[in-house]
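Just so you know, these numbers use all the heavy atoms, side chains as well, and skip hydrogens, waters and symmetry mates. Whatever order the structure lists them in is the order used to number ligands and atoms, beginning at 1.
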Amino acid sequence: MKVLVTGGAGYIGSHTTVSLIENGFDVVVVDNFSNSKEKVLERLKTITNKEIKCYKVDCCDYEELRKVFVNEQIDAVIHFAGYKAVGESVRLPLMYYQNNLDSLLTTVKLMLEFKVNNLVFSSSATVYGKPKSVPIYEDFPLSVTNPYGRTKLMIEEILADVTKANSFFKVAILRYFNPIGAHESGLLGEDPEGIPNNLMPYITQVCIGKLPKINVFGNDYDTIDGTGVRDYIHVMDLAYGHVLALNKLSSSKDNYLVYNLGTGKGTSVLELINAMQEVVNKPIPYEIVERRPGDIDCCYANCDKAFNELGFKAKYNIHDMCETSWNFQVKNPKGIL
Ligand code: WQD
């Protein structure tokens, strides 16, 4: 089975490509490298011992993306391609709506044209907004507070309409909680441009001396120690969740499936810093500062549906996530060059 992975050179896309190949799928990658490095393809070859075909194409470019569908016998698509920085989306909403919606719409249009009927879409727990309680279930109310999150929610709704209109077209929506960690080889990992927005790459850059200290965004939240609680999931667990979702689509009679991909456990900022201190074996400097606008107190998943319907269960723990994130950072002090 040949899977087209859009955004396949990115953090989650590259790890998912490894998991797909390890599970017997053929993969074709499409990436415009706007937020990833071409070097990742060489690293994927080293890890998988396979030459992975990659097209440098922007998914918004119908003519160029159509050539991929003409050249390749694609059986399914996993769509990662899109911008994903919350803060940037607030500053540049039009760029986010145009890119994230257009890349999805162009991809689905071509899927329908070429009768490629199985799609896994990379969504996010951000669609739950500030949940009424935790753990979060898939049928919780959806509300978004930033343009990035709104593109995810809009795309979920677009795909609901497309599957209603085309019963043969099947979609699995995967709502990621907080992906962290890296492939055990240290060849792949989260490799943000500039100052990291997300916590884990920020921590590893402090540990390697690239940044002076961690700014902990508030310690007056209604949580175990006052700092923000999130459901961190190892990127390799997340990657395997996509394999299970593809398998489910092949056999499912329902054509619009939604799953939380998390661990079902919450970890606070200070707990994550402590876990990393055990890995790097030295104190990690941090300072409690003001809350970051838009952050919520606590967010973690109920994962029963993914377990019962996909057989999905995260196997890596916080220590594994810290260890592999650190290993990637040590092996790539200046990121993937
Ligand atoms: C985690 C916790 C912060 C940085 C976002 C997006 C989500 C997904 C994952 C794309 C929070 C705290 C963070 C720092 C800190 N992105 N923090 N100091 O905000 O839960 O989710 O990234 O799909 O859609 O919303 O992740 O890693 O930014 O923050 O104290 O320098 O760490 O307040 O409690 P978040 P995060």
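Evaluated for a side-chain contact (heavy atoms from CB on, under 4.5 Å) with K37, the options E42, R43, E193 yield exactly one hit, E193.
When each atom of ligand 1 is checked for a heavy atom of N197 under 4.0 Å away, the hits are 4 (C), 28 (O). Listed by atom number, the atoms of ligand 1 under 4.0 Å from V216 heavy atoms are 30 (O).
Taking any N or O of N215, backbone or side chain, at least one lies under 3.5 Å from an N or O belonging to ligand 1. Between L199 and ligand 1, at least one pair of N/O atoms sits closer than 3.5 Å.
Here the shortest heavy-atom pairing between G266 and V229 reads CA-CG1, 3.5 Å.
In this structure, the side chain of K282 engages the main chain of C207 through a donor-acceptor pair within 3.5 Å. When atom types are taken as modelled, the side chain of H79 and the backbone of L119 share no donor-acceptor pair closer than 3.5 angstrom.
Looking at Y148 and E88, their side chains never bring a donor and an acceptor atom within 3.5 Å of each other. Judged purely by distance below 3.5 Å, without hydrogens or angles, the side chains of D254 and S252 never pair a donor atom with an acceptor atom.
Summary of contacts: the protein heavy atom closest to atom 33 (O) of ligand 1 is D295 OD2, 2.5 Å. Ranking the protein heavy atoms by distance from atom 36 (P) of ligand 1 puts N198 ND2, 3.5 Å first. Nearest protein heavy-atom neighbour of atom 24 (O) of ligand 1: S124 OG, 3.0 Å. When only non-hydrogen protein atoms are considered, atom 17 (N) of ligand 1 lies nearest to F217 CD1, 3.6 Å. Nearest protein heavy-atom neighbour of atom 25 (O) of ligand 1: V86 CG2, 3.5 Å. Shortest contact from atom 26 (O) of ligand 1 to any protein heavy atom: N178 ND2, 3.1 Å. Looking at atom 23 (O) of ligand 1, its nearest protein heavy atom turns out to be Y148 OH, 2.6 Å. In terms of protein heavy-atom proximity, atom 2 (C) of ligand 1 is nearest to Y232 OH, 3.6 Å.
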Q.
Under the criterion side chain to side chain donor-acceptor pair (under 3.5 Å), I'd like the reasoning laid out for D231 against T263: C-alpha separation, chi angles, the key distance, then a yes or no.
A. CA-CA 6 Å; D231 185 337; T263 65; 2.7 Å; yes

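Aromatic ring centroids of F312 and F307 lie 6.0 Å or more apart.
The number of heavy-atom neighbours closer than 6.0 Å to NZ of K331, taken from other residues, nucleotides and ligands shown, is above 12.
In the candidate list R230, R291, K213, R292, R292 is nearest to atom 19 (O) of ligand 1, counting heavy atoms.
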